[in-house]
J.: 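Pasting in a structure now, in C-alpha cells, and then I'll have a few things to ask.
Protein chains get the first letters and strands the later ones, always in sequence-line order, with residue 1 at the start of each.
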Amino acid sequence: MKHWLMKSEPDVFSLDRLETLGTSLWDGVRNYQARNFMMKDMKVGDRILFYHSSCEPPGVAGLARVCGLAEPDPSQFDKKSEYYEPKATREKPIWHCVRVEFEKRFRRFVALDELRDEEALKEMLVLKKGQRLSIQPVTAAEFAKVVKMGGRA
DNA sequence: GCCAACGTTGGC
DNA sequence: GCCAACGTTGGC
C-alpha cells in the first residue's frame with residue numbers, strides 16, 4: 001500500500017465536499033506526472049493526505065482513500081468543462097483519474113507552517129521550493145507523522 | 001530536439 | 001496582486 005498527498009483548492013473541491021459525496025472521481029488533473037501516478041501507481045486502499053491549497057492557511061485537512069482504479073476522466077470529453085481536451089477521444093482518452101473516498105477529517109487542521117517545523121518531515125515534497133505537483137508520493141513514516149499531528153493517531 | 005515564450009501553480 | 005518556479009507549446 002502506498003501513501004499520497006493530493007492537493008485541492010477548497011473553493012473548488014474541499015474535504016467537506018468529499019465527505020458529503022462519500023466518493024468522487026479525482027478529475028481535472030492536467031499534468032502528466034500526476035496522471036501517471038494515478039494510472040500506474042495508485043491502488044485501491046492507498047491512503048491520501050487531503051491537502052488544501054491556495055487558501056489561508058494551506059495545509060492537510062484530513063484523510064481519504066483510493067477506492068477505484070484509474071479510468072478515463074469524463075471532463076476531457078465535456079465541451080462545457082474547463083477541463084475539456086479537444087484532442088481526446090473515447091477510444092483514445094488522454095487523461096485518467098482514480099476514485100477516492102472520504103476517510104476522516106483531522107481533529108486539528110495541520111497547516112503548512114507546522115509541517116515545515118517538523119524535522120521528521122523535512123524531505124516531504126510539498127515543502128520543497130517550487131514543488132507544485134498536485135499529486136505527490138509520501139512515505140509511510142511521513143504519513144504517520146502527519147496523521148499524528150492531526151490528532152488521529 | 002532545442003529553447004524562448006507563455007501559461008499555471010501556489011505561497012506569500 | 002506579486003512573482004518564482006516549473007511545465008508546455010511551437011517555431012525553427
J.: Just compare B:dG10, B:dC12, C:dA5 and give me whichever is closest to any side-chain atom of A:Ser54.
T.: B:dG10
J.: Within this structure, what is the CG-to-P distance between A:Leu127 and B:dG10, rounded to whole angstrom?
T.: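 For the pair A:Leu127 CG and B:dG10 P, the rounded distance is 14 Å.
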J.: Can you tell me the distance, in whole Å, between the CD atom of A:Glu82 and the C1' atom of B:dG7?
T.: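 Whole-Å distance recorded here is 14 Å.
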J.: Once you round it to whole Å, what is the distance between C1' of B:dG10 and CD1 of A:Ile135?
T.: 16 Å
J.: Mind telling me whether A:Trp26 and A:Phe13 have parallel, tilted or perpendicular rings, with 30° and 60° as the class edges?
T.: perpendicular
J.: With rounding to the nearest 0.5 angstrom, report the CE to CD distance, A:Met6 to A:Gln136.
T.: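 That separation rounds to 11.0 Å.
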J.: Ring centres under 6.0 Å, that's the criterion: do A:Trp4 and A:Phe50 meet it?
T.: no
J.: Can you measure A:Trp95 atom CH2 to C:dG7 atom C1' for me and round it to whole angstrom units?
T.: 11 Å
J.: Measure CZ/A:Arg132 against P/C:dA5 and give the value in whole Å, please.
T.: 11 Å
J.: For A:Arg30, report the nucleic acid contact type (base, sugar-phosphate, nothing); a contact means any heavy atom under 4.0 Å.
T.: nothing
J.: Any donor-acceptor pair under 3.5 Å linking the side chain of A:Asp73 with the backbone of A:Gly28?
T.: yes
J.: Anything under 30° is parallel, anything over 60° is perpendicular, the rest tilted; go ahead and classify A:Phe109 against A:His52.
T.: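 Rings of A:Phe109 and A:His52: tilted, as their planes differ by 30° to 60°.
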J.: Quick one: does A:Asn36's side chain have a donor or acceptor within less than 3.5 Å of a partner on A:Gln33's backbone?
T.: no
J.: Expressed as a whole number of angstroms, how long is the span from A:Tyr51:OH to B:dG10:P?
T.: 8 Å
J.: Can you check the A:Asn31 CG to C:dG7 C1' distance for me, whole Å?
T.: 7 Å
J.: Can you tell which of B:dC12, C:dG7, B:dG11 lies closest to the side chain of A:Asp113?
T.: B:dC12
J.: The side chain of A:Pro58 lies closest to which of these nucleotides: C:dT8, B:dG11, B:dT9?
T.: B:dG11
J.: Let's see if you can work this out: which of C:dT8, B:dG11, B:dT9 has an atom nearest to the side-chain heavy atoms of A:Arg116?
T.: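 Nearest to the side-chain atoms of A:Arg116, counting from C-beta on, is B:dG11.
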J.: Within the structure, does a side-chain N or O atom of A:Tyr32 lie under 4.0 Å from either OP1 or OP2 of C:dT9?
T.: no
J.: Listed by chain and number, what are the salt bridge (Lys or Arg N to Asp or Glu O under 4.0 Å) partners of A:Arg47, not counting sequence neighbours?
T.: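 Scan of A:Arg47 (salt bridge (Lys or Arg N to Asp or Glu O under 4.0 Å), adjacent residues dropped) gives A:Glu103.
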J.: Within less than 4.0 Å of OP1 or OP2 of B:dT9, is there a side-chain N or O belonging to A:Lys7?
T.: no
J.: Return the polar atom pairs (N/O with N/O) between nucleotides 1-4 of chain B and the protein under 3.5 Å, or none.
T.:
none

J.: Taking CE from A:Met124 and P from B:dG11, how many angstroms apart are they, rounded to a whole number?
T.: 13 Å
